[in-house]
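Below is one structure, written out as structure tokens; the observations come after it.
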Amino acid sequence: MKSAILKNGKVEIIETKIPALTAPGAIIKVIACGLCGSDIVKIKHSAQNPDAKIVLGHEVVGEIVEINTQIVGNSYYSDNKTPFKTGDIVCLGHHYPCMECDFCKNGNHSMCKGFKATNISPAGFSEYIYVSEGHLKNTVFKLSEHINVENATFMEPLACCIRAIRRAGYVYGNKNIQKALVIGLGSIGLLMSLGLKAFGIEAFGLDINPKRQDFAAKFGIQGPDIDLENGQNQLYDAIFMTSGSYRAIDTALKYVKDGGKILVFSSVEGDFGYKNNEIYYRELTVLGSYSPAPVDLALSFELLNRGIIDLSGVSTDYTLDNLASAVDDIMLNKIFKACVKL
């Protein structure tokens, strides 16, 4: 089968063996896999550790072609009552926590050592992958016929955003009267904005790239509201940082209300941070969010399954053989999001 690897900092497609089902789990024939920003970061930084094994691709939709377990659907999604079987079309997440360690018991599931150790094999950008029994219990969801493949590839990254929104203190289904600003309107910024709206929060978005600002507007995400009478920007109860630029830190401090929250969901180049006295005197809360827990994956799937969030038209399609071109086009800002279809 074909599979993507990194060699000398470049994406290459190699021929390798189809994974064998030697442990409880399933073999999935990949139908599509989204190209995540974290994949781009791995590629950019691969030269720093050329001997590291780097898994590329995790936003997977595929068909179960072999299975040797009787797992009855996903443990966190109540509508799945029958066992997984061959022929099921599924979407999935690539990590799952142990649910027993101190990190898991305190709600920091993505800090769990088990979470970090689990992954799909060999990589999402492959014709076939192996998923464990633990994946089937925690991160795999059966698609109904009305969900298109493009939407389903967003299940895991949307779950990352849901996790961030929850860490900021918001509860799905509660009535919220707060305003939030997302800084950075790449694909994650768009997902974060749509997730906030699904939580009932009045969401706005800001990006220095006018094309991204215009693209977000097509999904109902407007730029920061302006107090025309006083010529000032409105301030926000929460800022969600999805920009990879350290300059966005000052922007966040400019737009957040005193007593507000800044949720960091991005890395930046260099050793930059938030000013101690700004946090102290303004009583700001600055917190981070990394990856989703199984419950976040379940809510993400529900929002996509019910059509509450629709991402049709966001991705540009590529073949696996053209994955390197997709990477280049993302890096050059020629496209918004890439989806590799097999």
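Just so we're clear, the structure is a prediction, and the values are computed from it rather than from any experiment.
Within the 4.5 Å cutoff, the side chain of T139 has no heavy atoms near those of the P294 side chain. P97 is not listed as a side-chain neighbour of F103, based on a closest heavy-atom distance of 4.5 Å or more. Looking at heavy atoms from C-beta onward, V72 lies out of side-chain contact with T82 at the 4.5 angstrom threshold. Side-chain atoms of M155 and V61, non-hydrogen and from C-beta on, never get closer than 4.5 Å to each other. Side-chain contact check for M111 versus K116: some heavy-atom pair is nearer than 4.5 Å. A heavy-atom distance below 4.5 Å is found between the side chains of M99 and H109. By the 4.5 Å heavy-atom criterion applied to side chains, N277 and K275 are not counted as neighbours. Side-chain atoms of L191 and L311, non-hydrogen and from C-beta on, do get closer than 4.5 Å to each other.
Of the possible donor and acceptor atoms, none in the side chain of S291 sits under 3.5 Å from a partner among the backbone N and O of S110. At distances below 3.5 Å, not a single donor-acceptor pair connects side-chain atoms of D250 with backbone N or O atoms of R247. Although no hydrogens or angles enter the test, the distance criterion places a donor-acceptor pair under 3.5 Å between the side chain of S193 and the main chain of G189. Panel note: side chain S266, backbone S243; a donor-acceptor pair is recorded below 3.5 Å. Of the possible polar contacts, one joining the Q213 side chain to the D207 backbone as a donor-acceptor pair under 3.5 Å is found. Side-chain atoms of N74 come within 3.5 Å of backbone atoms of V140 as a donor-acceptor pair (strictly under, hydrogens ignored). Using modelled atom types, one side-chain atom of N68 and one backbone atom of G25 make a donor-acceptor pair closer than 3.5 Å. A donor-acceptor contact shorter than 3.5 Å links the side chain of H95 to the backbone of T118. Judged by distance alone, the side chain of D296 and the main-chain N or O of A293 form a donor-acceptor pair under 3.5 Å. Here the side chain of E150 pairs a donor or acceptor atom with the backbone of S315 at under 3.5 angstrom.
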Could you give me the CA-CA distance, side-chain angles and deciding distance for I183 and F240, then say whether side-chain contact (heavy atoms from CB on, under 4.5 Å) is met? CA-CA 6 Å; I183 299 177; F240 288 78; over 6 Å; no
Test ring-ring contact (aromatic ring centres under 6.0 Å, His included) applied to F199 and Y172, step by step: CA-CA 5 Å; F199 270 66; Y172 183 72; 5.3 Å; yes
Could you check S132 against K137 for side chain to side chain donor-acceptor pair (under 3.5 Å), going step by step and ending with a plain yes or no? CA-CA 9 Å; S132 70; K137 288 179 181 178; over 6 Å; no
Just do the side-chain contact (heavy atoms from CB on, under 4.5 Å) check on S312 and N151 with the steps written out, would you? CA-CA 6 Å; S312 301; N151 271 323; 3.5 Å; yes
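We find that D237 and K261 are not joined by a salt bridge, their nearest charged nitrogen and carboxylate oxygen being 4.0 Å or further apart. A salt bridge does not link D102 with K105: none of the charged nitrogens is closer than 4.0 Å to a carboxylate oxygen. Electrostatic pairing of D321 and K2 counts as a salt bridge here, judged by a charged N lying under 4.0 Å from a carboxylate O. The pair E278-K254 does not count as a salt bridge, with every side-chain nitrogen at least 4.0 angstrom from each carboxylate oxygen.
Counting heavy atoms of neighbouring residues, nucleotides and ligands inside a 6.0 Å radius, atom CD of E12 exceeds 12 of them. Within a 6.0 Å radius of CD1 in I177, other residues, nucleotides and ligands contribute 12 heavy atoms or fewer. For E269, the CD atom sits in a loose shell: 12 or fewer heavy atoms of surrounding residues, nucleotides or ligands are nearer than 6.0 Å. No more than 12 heavy atoms of other residues, nucleotides or ligands sit less than 6.0 Å from atom NZ of K10. In the displayed structure, Y290 atom OH is contacted under 6.0 Å by at most 12 heavy atoms of other residues, nucleotides or ligands.
Taking the six-membered ring where the residue is Trp, Y96 and H135 present perpendicular rings, their angle passing 60° and hence far from 30°. The aromatic rings of F301 and F141 sit parallel, their planes meeting at an angle under 30°, below the 60° perpendicular limit.
M1 and I120 are assigned to two separate hydrophobic clusters, defined by single-linkage of ILVMFWY side chains at heavy-atom distances under 4.5 Å. Cluster membership for L287 and M192, using ILVMFWY side-chain heavy atoms within less than 4.5 angstrom, is shared. Grouping the Ile, Leu, Val, Met, Phe, Trp and Tyr side chains by contacts below 4.5 angstrom, directly or via other members, places I308 with L158. Both V340 and I40 belong to a common hydrophobic cluster when Ile, Leu, Val, Met, Phe, Trp and Tyr are linked at side-chain heavy-atom distances under 4.5 angstrom. Cluster membership for M331 and L35, using ILVMFWY side-chain heavy atoms within less than 4.5 angstrom, is shared.
For the residue pair A252 and M241, the shortest heavy atom distance occurs at CB-SD, 3.5 Å. I13 and L320 get closest at one heavy-atom pair: CD1-O, 3.4 Å. Residues T242 and G184 approach most closely at OG1-O, 2.5 Å, considering heavy atoms.
Here the CG-OG distance, from L342 to S126, works out to 8.5 Å after rounding to the nearest 0.5 Å. To the nearest 0.5 angstrom, N106 atom CG is 12.0 Å from C112 atom SG. Distance check: L253 CG to R282 CZ gives 6.5 Å after rounding to the nearest 0.5 Å.
Taking the ring centroids of Y236 and F204, they lie under the 6.0 Å cut-off.
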